[in-house]
Amino acid sequence: MSSLLDPLNPEQLQAVTLPNQHALILAGAGSGKTRVLTTRIAWLIQTGNATPAGLLAVTFTNKAAREMLTRIAAMLPISTRGMWIGTFHGLCNRMLRAHHRDAGLPPLFQILDTQDQLGAVKRLLKSLDVDEDRYPPKQVQWFINDRKEEGLRAKDVVVHDEAGRRYTELFAAYDEQCQKEGAVDFPELLLRCFELLQRNEPLRAHYQARFRHILVDEFQDTNRLQYRWLKLLAGKENAIFAVGDDDQSIYAFRGANVGNMADLEREYRVQNVIRLEQNYRSHGNILDAANALIAHNRKRLGKNLWTAAGEGEPLRVYEAASDGYEARFLAEEVQSLLREGCARRDVAILYRSNAQSRVIEHALFTQGIPYRVYGGLRFFERQEIKHALAYLRLLANPDDDGALLRVVNFPARGIGARSVEALQDAAAAGGTSLWQAVPRVAGKAGAAVGAFVKLIDTLRASTQGLPLPEVVAHALQASGLRAHYKAERDGADRVENLEELVNAAAAFVQDEGYGAQAPAADAGDAAQLPVPDPLGQFLAHAALESGENQAAEGTDAVQLMTVHSAKGLEFHTVFITGLEEGLFPHEQSATEQDGLEEERRLMYVAITRARTRLYLSFAQTRLLHGQTRYNVASRFLDEIPAGVMKWLTPRDRPVVPDSAWQAAPAPARYRKEPGGGAPHLPFRIGQSVVHAKFGQGVIVNAEGSGTDARVQINFGPQGMKWLQLEYAKLQAA
DNA sequence: AATCCGTCTATTTTT
DNA sequence: TAGACGGATT
């Protein structure tokens with residue numbers, strides 16, 4: 001028993017061995033958060049405080065859930081299969097499958113991912129003849145999801161204006177369409193499950209009696225609906241063990257509500273607030289930088305990281321003349337790090353927005369350094385996979401209009417827009433799904449769609465009872481998808497992905513242990529239990545787990561990613577790039593409530609990814625959206641104590657090689673010859689200047705001449721200003 | 001049915 | 001600048 005608790009420090013130990021009461025664990029970056037969570041679960045089970053079936057643990061990503069299961073399995077000699085550990089969406093899906101009738105859903109309801117949902121919205125707008133310029137599909141989708149995450153149905157929405165009324169109507173129509181098609185989008189999984197528990201008292205009581213312990217990972221990322229869902233499950237008796245870090249809350253833009261932490265503490269009178277502040281990851285200088293930076297935020301629960309490790313190296317700061325030079329610096333620095341023996345995968349280059357990766361990739365490629373870019377399309381989001389899944393969805397549920405429309409003429413089989421329209425008219429007239437409307441379509445169109453129906457029916461009959469991977473393989477064959485991509489010029493990758501789908505199905509069947517028993521359900525719900533249904537489960541899996549990125553995870557390569565995707569990871573060396581006002585902090589954040597504080601938390605996350613070496617870099621010039629932009633250094637650089645930084649370039653004394661200014665006019669002082677530009681100014685675009693009141697800035701634009709001459713200056717924190725040259729006493733910096 | 005062309009847009013992202 | 005998308009063309 002002691003071995004389980006041995007590796008813990010006093011605070012971790014206290015958290016792990018808390019009595020059965022509510023607890024809020026403020027777990028700083030690198031403080032052993034996952035260890036505490038998993039050891040808590042193991043300890044609860046080992047001491048008999050809980051049974052494996054009596055606890056529920058919820059995470060945000062499948063990866064986090066998997067890691068938890070793996071670590072528990074390593075600590076305890078129990079089977080983790082059937083334990084309720086998963087994502088919010090995964091757990092809700094599980095509950096809705098078990099109680100689909102009570103939830104008002106068909107047993108084989110389909111899950112719409114974000115793409116599918118947008119498609120469904122577009123389809124709806126078309127059928128209602130809505131002007132897509134006035135009501136853009138994306139806006140409608142956003143409106144719907146936003147309401148759902150507030151726990152609202154269309155009938156609950158308070159309408160203020162005409163547009164709001166229209167949006168709300170569309171919301172209602174959308175939900176109706178989904179219901180008819182047996183489709184459930186992501187927020188709907190949560191809301192349906194929430195409503196089910198709220199409405200159905202016996203069911204709620206059943207789950208409350210079962211889950212005496214509710215553990216939540218990354219609690220700062222929960223949205224309002226998720227919190228309310230947790231509260232329903234927790235009831236009055238059960239213990240919530242929430243782990244989170246308000247300083248790492250970086251998802252407000254997608255609905256995360258840090259306020260849930262304070263609410264939990266207040267509403268549940270949490271006596272046990274434990275701070276995990278000892279950091280096991282980074283050296284002292286890195287933590288000093290992080291602590292000093294985040295201290296600039298006003299809204300905090302308060303926390304200070306410390307380490308027993310030494311102060312380590314100073315942070316290295318580099319100012320580049322342009323984004324291209326910054327990238328070249330990165331590549332050269334990485335090269336020498338690798339020569340010193342640092343593993344490629346232990347080096348990360350971080351940036352605020354994806355568009356920044358391009359230049360960096362170019363530089364790494366030129367240097368011949370293998371790299372891997374995170375983000376982009378995942379396996380189950382690929383076009384060919386979506387097509388294949390659409391055929392499988394039609395096998396499971398022919399009334400799935402979205403799936404039918406996707407593949408009715410793909411690969412091309414002579415069912416053109418006219419035929420599809422005829423089919424849609426027939427469906428609208430009869431108030432049925434497209435599939436059911438097929439017999440009512442006359443003429444040539446009728447024959448064509450009839451053939452498609454026959455294709456699907458034949459496929460269903462011929463795969464009846466076959467193991468899932470074989471069903472998938474047959475579908476690829478009979479649909480003509482494989483042949484189609486084989487014939488395509490650049491289709492080799494797609495064919496490969498399709499083959500991979502068969503493997504994914506095989507792996508899924510293996511992991512879920514089909515044939516042995518149905519996935520764990522509850523006593524008392526047996527009557528509603530669907531027959532073991534590998535296909536339906538696999539389709540849900542495909543929607544809920546979008547799968548790996550294109551690049552293989554195992555390859556040893558330098559890692560390129562946004563700061564957001566770096567959360568939760570750590571590296572020997574981290575480069576934080578593009579530290580410029582307008583980029584990081586991003587200019588868009590200025591318009592958002594508490595936007596700057598969130599940007600600062602983002603920077604905090606970035607800094608705390610580094611174990612031993614941290615580089616900070618920025619560029620004077622950056623090409624963005626085809627335009628050259630002149631930025632001032634990020635204010636975050638000023639918020640880090642000078643004592644922990646070492647400037648690799650002279651501070652505030654930019655070194656500008658002439659060649660960097662080929663595209664833009666060079667600052668006067670670097671010009672060998674006087675320029676022949678039109679407005680004859682004592683200053684040049686791109687030049688750093690000092691203003692008595694606004695401080696240091698960079699000239700980004702100029703117009704007029706003589707006494708009319710005005711220049712636009714980016715003063716960073718002080719904002720962008722147009723100044724009359726005659727009056728503004730500008731000095732070259 | 002495929003290809004071309006103009007238009008639009010351009011933080012961050014998981015499920 | 002570049003990529004995605006939708007409509008129109010061939």
Side-chain angles (χ1 to χ4, degrees), chain A residues 58-65 86-94 111-119 122 126 132-133 136-138 145 148-149 184-191 193 217-218 221-223 225-226 249-256 323 350-359 362 374-378 380-381 383 409-418 484 487-489 540-547 549 561-568 578 582-592 595 598-599 601-603 605-606 622-629 663:
Chain A
V58 56
T59 63
F60 275 88
T61 64
N62 292 298
K63 196 173 153 209
T87 63
F88 279 100
H89 294 84
L91 296 173
C92 286
N93 174 53
R94 195 161 168 181
I111 299 172
L112 304 182
D113 69 15
T114 313
Q115 285 178 40
D116 300 333
Q117 188 192 25
L118 185 61
K122 284 183 179 167
K126 282 233 168 65
E132 294 201 2
D133 290 328
K138 279 243 172 65
N145 290 349
K148 286 188 179 181
E149 283 175 0
V184 173
D185 59 48
F186 284 139
E188 182 74 22
L189 281 172
L190 262 298
L191 184 53
C193 191
D217 190 20
E218 306 276 20
D221 288 338
T222 49
N223 65 30
L225 181 56
Q226 286 160 342
S249 161
I250 56 173
Y251 287 115
F253 72 90
R254 67 174 198 213
D323 50 351
L350 309 185
Y351 35 80
R352 174 68 235 273
S353 58
N354 287 303
Q356 290 165 249
S357 76
R358 182 173 296 271
V359 225
H362 177 76
Y374 277 69
L377 270 196
R378 314 284 199 107
F380 286 111
E381 293 167 355
Q383 185 206 92
N409 196 35
F410 194 97
R413 45 176 75 90
I415 302 177
R418 291 179 316 279
H484 172 86
E488 211 174 57
R489 296 165 299 294
H541 166 81
L544 289 173
E545 165 120 47
S546 35
N549 264 320
M561 65 188 89
T562 63
V563 181
H564 280 93
S565 22
K567 190 172 161 216
L583 243 202
F584 198 3
H586 199 279
E587 55 196 354
Q588 297 292 323
S589 70
T591 60
E592 289 157 20
E598 177 138 324
E599 294 289 305
R601 291 192 291 269
L602 200 47
M603 181 67 182
V605 167
R622 186 172 295 275
L623 199 60
L624 200 63
H625 309 322
Q627 279 192 324
T628 306
R629 313 213 339 178

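Letters A, B, ... are given to chains in the order of the sequence lines, protein chains preceding strands, and every chain is numbered from 1.
- A/D113 comes within 4.0 angstrom of nothing in the nucleic acid, heavy atoms only.
- Side chain to side chain, A/Q356 and A/S353 meet the donor-acceptor criterion of an N or O pair below 3.5 Å.
- Using atom P as the reference point in both B/dT12 and C/dG3, the two lie 15 Å apart (nearest Å).
- Side chain of A/E599 to main chain of A/H586: a donor-acceptor pair is present (N/O by atom type, distance under 3.5 Å, no hydrogens or angles).
- Side chain of A/E599, nearest nucleotide from B/dT13, B/dT11, B/dT15: B/dT11.
- Using P as the reference atom, C/dA4 and B/dT11 are 16 Å apart when rounded to the nearest Å.
- In this structure, A/Q117 reaches neither bases nor backbone, as no heavy-atom distance under 4.0 Å exists between it and the strands shown.
- Rounded to an integer number of Å, the gap from CD of A/Q588 to C1' of B/dA10 is 9 Å.
- Here A/N62 does not reach the OP1 or OP2 of B/dT14: none of its side-chain N or O atoms lies under 4.0 Å away.
- Proximity of A/N354 to the phosphate of B/dA10: no side-chain N or O atom is located under 4.0 Å from OP1 or OP2.
- Note on A/R254: every side-chain N or O is 4.0 Å or more away from OP1 and OP2 of B/dT11.
- When each of A/H564 and A/F88 is assigned the nucleotide of DNA chain B bearing its nearest heavy atom, the one mapping closer to the 5' terminus is A/H564.
- Between A/S546 and the phosphate of B/dT14, there is no side-chain N or O to OP1/OP2 separation shorter than 4.0 Å.
- A donor-acceptor pair is defined here as one N or O able to donate and one able to accept, closer than 3.5 Å; such a pair exists between the side chain of A/D323 and the backbone of A/L623.
- Close placement of the A/H564 and A/F253 rings is indicated, their centers lying within 6.0 Å of each other.
- Between the CG atom of A/L350 and the P atom of B/dT12 there is a distance of 14 Å, rounded to whole Å.
- Between the CG atom of A/L189 and the P atom of B/dT15 there is a distance of 13 Å, given to the nearest Å.
- When the P atom of C/dG6 is taken as reference, atom NZ of A/K138 falls 9 Å away, rounded to whole Å.
- Considering only heavy atoms from C-beta on, A/Y251 stays 4.5 Å or farther from A/N223 through its side chain.
- Distance A/R358 CZ to C/dT1 C1': 8 Å, rounded to the nearest Å.
- Heavy-atom distances to DNA chain B give each of A/I250 and A/E381 a nearest nucleotide, and the one nearer the 5′ end belongs to A/I250.
- Note on A/K122: only backbone sugar-phosphate atoms sit closer than 4.0 angstrom, heavy atoms only; bases stay farther off.
- The residue A/T114 sits close to a base: some heavy atom pair falls under 4.0 Å.
- One can place CD of A/E132 at 14 Å from P of B/dT9, the figure rounded to the nearest angstrom.
- A/F60 comes within 4.0 angstrom of sugar-phosphate atoms only, judged by non-hydrogen atoms across all strands, and of no base.
- Listed for the A/H625 side chain is no donor-acceptor partner under 3.5 Å among the backbone atoms of A/Q627.
- Within 3.5 Å, no donor on the side chain of A/T562 pairs with an acceptor on the base of B/dT13, nor the reverse.
- Between A/N409 and B/dA1 there is a side-chain N or O to OP1 or OP2 distance below 4.0 Å.
- For A/T87 and B/dT15, the shortest distance from a side-chain N or O to OP1 or OP2 is not below 4.0 Å.
- B/dA10 atom C1' lies 12 Å from atom CG of A/L583, rounded to whole Å.
- Between A/H586 atom NE2 and B/dT13 atom P there is a gap of 12 Å when expressed in whole angstrom units.
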